[in-house]
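Okay, so here's the structure we're looking at.
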Amino acid sequence: MPRIPFRLPVPPVPALVRTPFRQLSAMRLLKGGRPTDLGRLPRYAGLFALGAVCIWTPIASYLATAPLRYTSSLSLILPGSGASASVNLDRIGQASSFANSPFSSSSVSPTETYKRLIAADRIRARAADSLDVPMSAFGSPRVELVDQTGLIHVSVTGGSPDEARNRGEALLTAFFEEVESLRDDEVTQRENGGRAAIEEYRESVLATRAEISRLQRETGLISAAQYTEFVAEADALSRQVQDLAAKLDETTEAVRALEVSLRVDAQRAAASLKLHADAEFAALAAEMSRQAAALAQARGQFGERHPTVQAAAAAHAAARSEATARAQRLTGLSPAEIETLDISHVGSRAGLLSELVTLDVERSGLAAEHAAFAARLKTVEARNVALIEPAARLEDLQRDFSVAEAVFASAMARTQTSKTDLYASYPLVQVLETPSHPEIPTSPKDKLAIAAGAAATIFLLIGLTLGWMRRPLIGRLLAERPATDDILPDAFGVPAE
């Protein structure tokens, strides 16, 4: 008897399409089948397989073909304090410069400025040129700002850790070079903008200086202070002339009083003192005195015609003639003036005559001094009157010159001090963290890709599950619609029963 092999019954594989598409209505496609109908399972399995292929094929291709990318990060910081400087130039002017804090203005943010500058094409081009790579291959850095701080985080990618770090260093170097270039350009533009004003100030100073020099040459007046000295000199001369006039009057009165007392003027008193100081004249005067005494004695004893009296008179006349001749030779006076002199011995009158001569000489000196000082005072006053307007004009010019010089010096000082204010428009920036050397690649991100594929797969399953169970859900919604329609009002506003 032939042996019949034993076979387990194999359930038939459900067909993917059990009903022709022509017999399917739109409502049938919308509502689907029963949840307990397992014949629909192959279609859902096929859809799941197709969706899984569509999800995981790109992910697998990305993970298999994407090159490794490494990210180097660096950090910059902007100090928040400002800086100020002040320069005082003695007797010239003052210059000051003040740099506000970079965060003092609400309209301009230095961090935003530097963020845009770091990502600028010229920075990337300069960094790419330093590495001898195309700018397109260099990529764009990622710049992040930390709110309420002065921190700037920059990230640069590369194919290797060294390449990423080198790109970060090249970007950092290009950034600082560009910032320095912008600061130099700002200083240059400031100098060019202030050069015209400085030249105008210089011309003003030179013009005022030339006008002052011209006025000094024409008038001989050096400064307004010199005119003040001239006025003080005139006042001193005026007081001195007044003092000399008072002293001259006093001396004149003393001379006049002595002349009245002695009944002789100063000139004859001087001549008398000169005569009696001569020994020969003194002898002649003594002889004349003896002859006068003998004549007087003879006249007392005899008459005028007596020979003794006539002999004495002749002797006295001869002695007087010799004395008069000697007096003429000594004094240079005429005979008539000699006759007015008292050629007799002066005796105790010598002191008074000497005082009279001394006071007369002093009076003459005071008169000459007074005349000289009066003439000088007149000249000085005339000069001061002539220099009133030039002195006022010179004072105005010197004041204008001082102001122009102060303005010019201050402008020059501001120009020089502005060179030190390099951080006015582009604040100081420092490297807080140098470009790092990454050890782990940041791209491709395997875990993130797998997590995304898993999430997509779960969402696909949820969608298929909802599609599997859509018939009872849709049926419930359709069953609730009449109940909802019953409470709608009719055309007259009355609810339907």
Side-chain angles (χ1 to χ4, degrees), residues 5-73 119 134 136-144 153-164 167 436-481 484:
F6 177 76
R7 295 181 180 178
L8 294 175
V10 178
V13 177
L16 292 177
V17 179
R18 295 181 298 175
T19 304
F21 288 106
R22 296 178 181 178
Q23 299 178 5
L24 293 176
S25 62
M27 184 60 66
R28 176 67 177 83
L29 291 175
L30 176 63
K31 295 176 62 176
R34 297 184 304 275
T36 57
D37 186 7
L38 298 180
R40 302 159 55 204
L41 186 60
R43 293 196 297 270
Y44 281 85
L47 292 175
F48 176 75
L50 181 60
V53 169
C54 295
I55 293 173
W56 289 101
T57 298
I59 294 176
S61 301
Y62 166 73
L63 296 177
T65 59
L68 297 179
R69 306 294 295 175
Y70 294 84
T71 301
S72 176
S73 60
S136 59
F138 185 84
S140 298
R142 182 180 179 183
V143 185
E144 298 178 353
H153 295 309
V154 184
S155 300
V156 182
T157 60
S160 64
D162 293 336
E163 181 181 356
R167 289 187 177 184
S436 62
H437 188 272
E439 300 295 338
I440 301 174
T442 55
S443 177
K445 298 180 179 180
D446 299 345
K447 295 181 180 180
L448 181 60
I450 294 173
T457 303
I458 292 173
F459 289 149
L460 177 61
L461 288 174
I462 293 173
L464 293 176
T465 302
L466 293 175
W468 181 277
M469 301 178 62
R470 71 180 184 275
R471 182 168 184 173
L473 295 177
I474 294 175
R476 182 176 299 176
L477 292 176
L478 294 177
E480 292 177 355
R481 181 177 299 276
T484 304

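Being a predicted model, the structure only gives us computed values, none of them experimental.
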Output the distance between atom CG (L448) and atom CD1 (I59), rounded to the nearest 0.5 Å. 9.5 Å

Return the OG1 to CD1 distance between T465 and I458, rounded to the nearest 0.5 Å. 11.5 Å

What residues form a side chain to side chain contact (heavy atoms under 4.5 Å, CB included) with [X], not counting sequence neighbours?
X: P141; result: I118, R124, V154, V156, L171
X: H437; result: P161, D162, R165, E439
X: L466; result: I462

How close do R69 and T157 get, counting heavy atoms only, and between which atoms? NH2-OG1, 3.6 Å

For S436 and S72, the nearest pair of non-hydrogen atoms, with its separation, is O-OG, 2.6 Å

Enumerate the residue pairs fulfilling ring-ring contact (aromatic ring centres under 6.0 Å, His included) with a member in residues 34-55, sequence neighbours excluded, ordered by first and then second residue. Y44-W468

Does any N or O in the side chain of R167 come within less than 3.5 Å of the main-chain N or O of G158, such that one atom is a donor and the other an acceptor? no

Contacts of T71 that satisfy side-chain hydrogen bond (donor to acceptor under 3.5 Å, both in side chains) - sequence neighbours left out: T442

Got a sec, which pairs hit side-chain hydrogen bond (donor to acceptor under 3.5 Å, both in side chains) with one end in residues 451-464, sequence neighbours left out? W56-T457

